[in-house]
Amino acid sequence: MGYANTGKGKAREAKQAATVAALAVSVGTSDGTVADVGAAFSQATLNSNFRDVADKINEVVAALKAAGLMA
């Protein structure tokens, strides 16, 4: 990759973010959509929203690891 400042660019490539463990979620159903909880509280909707967010974070961490940017 080309950098305007080669020294700093190479230094960035040499650094790797610390290891991050995957988030474990035991509730909710993942459907890829963060749903509006609406006026009437729904524990199931809230749990599913947390599940969707945790799953997406885990996907991002896996992609960073695959790209060699995270240990």
Side-chain angles (χ1 to χ4, degrees):
M1 173 181 246
Y3 295 99
N5 184 325
T6 306
K8 287 185 179 179
K10 291 291 181 192
R12 277 189 209 101
E13 286 180 4
K15 292 182 182 178
Q16 216 179 38
T19 300
V20 175
L23 294 171
V25 183
S26 61
V27 295
T29 303
S30 183
D31 63 2
T33 302
V34 176
D36 180 7
V37 272
F41 177 75
S42 168
Q43 187 68 46
T45 301
L46 186 62
N47 287 343
S48 293
N49 282 345
F50 277 112
R51 178 65 173 257
D52 287 324
V53 171
D55 288 350
K56 190 57 67 178
I57 290 170
N58 288 339
E59 287 177 27
V60 169
V61 168
L64 290 170
K65 287 180 179 181
L69 299 171
M70 183 176 278

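Residues take their numbers from the sequence shown, with the count starting at 1.
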#### Entry: Nearest-0.5 Å distance that lies between atom CZ in Arg51 and atom CG in Asp31
11.0 Å

### Message
Please determine whether a side-chain nitrogen of the Lys or Arg among Lys56 and Asp52 lies less than 4.0 Å from a carboxylate oxygen of the Asp or Glu.
### Response
no

### Same apolar cluster (I L V M F W Y, side chains within < 4.5 Å links), Met70/Ile57
yes

### Message
Side-chain heavy atoms nearer than 4.5 Å, only ILVMFWY residues, links allowed to pass through others: does that put Val53 and Leu46 together?
### Response
no

### Summary
On a heavy-atom basis, the closest approach of Val37 and Thr45 is CG1-CG2, 3.9 Å

### Query
Can you tell me how far CG of Asn47 sits from OG of Ser30, rounded to the nearest 0.5 angstrom?
13.0 Å

### Heavy-atom closest contact (Ser48 atom, Thr29 atom, distance)
OG-N, 3.2 Å

### Query
Among the clusters formed by ILVMFWY side chains lying less than 4.5 Å apart, do Phe50 and Val20 turn up in the same one?
no

### Query
Asn58 and Ala22: which non-hydrogen atoms are nearest, and at how many Å?
OD1-CA, 3.4 Å

